[in-house]
Amino acid sequence: QPPLADGQVRALRLIARRAWGYFETFVTDADHMLPPDNFQEDPRPALAHRTSPTNLGLYLLSIVTARDFGWVGTLDTTERLEATLAAMARLERFRGHFYNWYETRDLMPLEPRYVSSVDSGNLAAHLITLANACDEMATQQALEPRLSAGIADGMALLRESLRTPADVQLDEALGALVAQLSERPAAPAELAVHLAALAVRAAAVEQRTKELAHEHAGAASAEAVAWAEATCRTIASHRRDQEPATHGAESLRQRLDSLATTARAMAAAMRFDFLFDPERKLLSIGYRV
């Protein structure tokens with residue numbers, strides 16, 4: 001398989017960034033930081049306040065993937081993982097298995113209470129993968145190229161969502177942000193200063209985008225405002241990692257170690273023996289409790 005061209009990599013990154021935008025928008029305290037199954041746009045906006053083991057596993061891996069792509073910092077990643085695993089620990093289970101569906105607002109299983117072998121297998125694998133990712137994060141330093149790429153993704157989506165004709169002030173603000181982003185810090189110690197400068201430039205872009213959306217919607221859409229805000233959030237998230245006063249490196253490492261332990265324990269608690277047909281040597285499709 002030949003390596004992907006730069007344009008293909010960029011296109012795939014932006015698709016993935018939009019997908020992470022779903023979780024940024026809809027995984028909230030109202031749903032106990034559990035991922036709602038879907039959002040319906042037509043005929044009217046509606047959020048499905050239910051989730052499944054596969055949804056949970058995919059969201060957990062999406063969090064660490066978002067960090068890998070530079071869209072969110074390590075501290076925010078840790079807090080998201082802690083909140084979701086804490087909510088999962090409150091969910092009723094059967095022989096270690098999560099039920100196939102839960103209501104995300106009250107955490108109750110949906111009837112009929114059912115264990116799906118496929119969903120449980122998905123979640124068990126995702127939890128083991130998550131544990132390994134936490135082990136890696138505990139010993140990994142912030143990588144500036146990853147941070148810059150993550151910030152650039154938000155800027156690219158902002159540009160794509162802008163409408164013509166272009167606004168001179170916004171073009172100048174975006175140009176200043178791009179120029180600042182290209183000035184890579186020469187040493188790790190300079191990263192905090194670099195991110196602070198980026199935050200100032202990004203705030204100017206966000207302000208002008210909002211002004212355009214308010215003055216005449218034809219120049220900037222709600223989507224453009226959303227990506228301007230997302231770019232600022234990404235920078236703010238990375239800045240949090242540069243503030244040792246708010247969290248010690250050792251404390252963060254301990255929290256990641258605890259997350260890895262919790263994830264492995266959840267996976268190991270699932271008993272698959274009652275789902276196994278010894279004669280056919282296959283798992284049944286599931287079990288209706």
Side-chain angles (χ1 to χ4, degrees), residues 4 8-41 45 47-48 51-52 54-85 87-88 104 122-123 126-127 129-130 132-134 136-137 140 142-161 177 181 195 198-199 202 205-206 209 221-241 256 259 263:
L4 295 174
Q8 293 173 312
V9 171
R10 179 178 179 277
L12 290 171
R13 283 189 66 101
L14 297 189
I15 290 170
R17 182 63 185 87
R18 289 188 182 95
W20 175 244
Y22 172 87
F23 297 116
E24 279 187 304
T25 303
F26 295 117
V27 179
T28 66
D29 289 334
D31 290 280
H32 295 88
M33 297 306 289
L34 301 177
D37 185 68
N38 66 80
F39 175 72
Q40 169 187 292
E41 293 183 334
L47 187 64
T51 200
S52 69
T54 296
N55 288 347
L56 293 170
L58 287 173
Y59 172 58
L60 291 170
L61 293 191
S62 293
I63 299 172
V64 295
T65 301
R67 177 189 175 273
D68 288 343
F69 278 117
W71 304 326
V72 65
T74 302
L75 185 56
D76 282 345
T77 296
T78 303
E79 290 176 352
R80 277 183 174 270
L81 292 172
E82 287 173 336
T84 298
L85 286 177
M88 290 172 63
T104 52
N122 287 341
L123 179 56
H126 293 162
L127 286 167
T129 305
L130 170 64
N132 293 340
C134 289
E136 183 181 275
M137 283 190 287
Q140 195 178 61
L143 300 176
E144 197 282 329
R146 179 180 65 206
L147 273 58
S148 293
I151 296 167
D153 289 336
M155 293 163 54
L157 288 167
L158 168 58
R159 283 191 180 279
E160 284 189 6
S161 58
L177 179 55
L181 191 61
L195 288 169
L198 283 172
V205 170
E206 179 186 10
T209 305
S221 64
E223 183 182 0
V225 172
W227 287 119
E229 292 173 340
T231 301
C232 289
R233 281 198 306 272
T234 294
I235 296 169
S237 184
H238 291 308
R239 292 187 73 189
R240 290 191 71 197
D241 290 344
L256 289 166
L259 285 169

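If you read the sequence from its start, that first residue is 1, and numbering goes on from there. Predicted model, so just to flag it, every value in this text is computed and none were measured.
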Steps toward side chain to side chain contact (heavy atoms under 4.5 Å, CB included) verdict (R18, L157):
CA-CA 9 Å; R18 289 188 182 95; L157 288 167; 3.2 Å; yes
Exercise. Measure the shortest side-chain to side-chain distance between M155 and V205 over non-hydrogen atoms and say whether it is less than 4.5 angstrom.
Key: no
Q) Can you check whether M137 reaches L81 side chain to side chain, under 4.5 Å on heavy atoms? A) yes
- prompt: For Q8, does the CD atom sit with more than 12 other heavy atoms under 6.0 Å from it, leaving out its own atoms?
  reply: yes
The reported gap from CG in L181 to OG in S148 (rounded to nearest 0.5 angstrom) is 4.5 Å
The reported gap from CD in E82 to OG1 in T77 (rounded to nearest 0.5 angstrom) is 11.0 Å
- request: Mind telling me whether F23 and Y59 have parallel, tilted or perpendicular rings, with 30° and 60° as the class edges?
  value: tilted
### Query
Between E24 and R80, is the closest basic N to carboxylate O distance under 4.0 Å?
no
Exactly one of V27, T28, N55, T104 clears side-chain contact (heavy atoms from CB on, under 4.5 Å) with L34, and that residue is T104
Kindly determine whether R233 and D76 satisfy side chain to side chain contact (heavy atoms under 4.5 Å, CB included), including the steps that lead there. CA-CA 11 Å; R233 281 198 306 272; D76 282 345; over 6 Å; no
Between the CD1 atom in I235 and the CD1 atom in I151, the distance rounded to the nearest 0.5 Å is 4.5 Å
Correct closest heavy-atom pair for A202 and L177 would be N-CD1, 3.9 Å
* To do: Please examine the side chains of H32 and T51, heavy atoms only from C-beta on, and report whether any two atoms are closer than 4.5 Å.
  => no
d(L127 CG, L85 CG) to nearest 0.5 Å is 7.0 Å
In this structure, OG1 of T74 is separated from CD of Q140 (nearest 0.5 Å) by 7.5 Å
Exercise for review: On the 0 to 90° scale, with breaks at 30° and 60°, tag the F69-W71 ring pair as parallel, tilted or perpendicular.
Suggested key: parallel
Separation between CG (L198) and OG1 (T231), nearest 0.5 Å, reads 10.5 Å
G73 and H238 have their tightest heavy-atom pair at CA-ND1, 3.8 Å
When every non-hydrogen atom of A224 is compared with those of S161, the smallest separation belongs to CA-OG, 3.2 Å
Next on the checklist: If you define the side chain from C-beta out and look only at heavy atoms, does anything of T234 sit under 4.5 Å from D153?
Outcome noted: no
Looking only at heavy atoms, the pair that brings E206 and A228 closest together is CA-CB, 3.9 Å
Side chains of L60 and M88 in contact at under 4.5 Å (non-hydrogen atoms): yes
| message | Do P36 and Y22 have side chains that approach each other closer than 4.5 Å (heavy atoms only, starting at C-beta)? | response | yes
message = Any side-chain to backbone donor/acceptor pair from D37 onto S52? Under 3.5 Å, distance only.
response = no
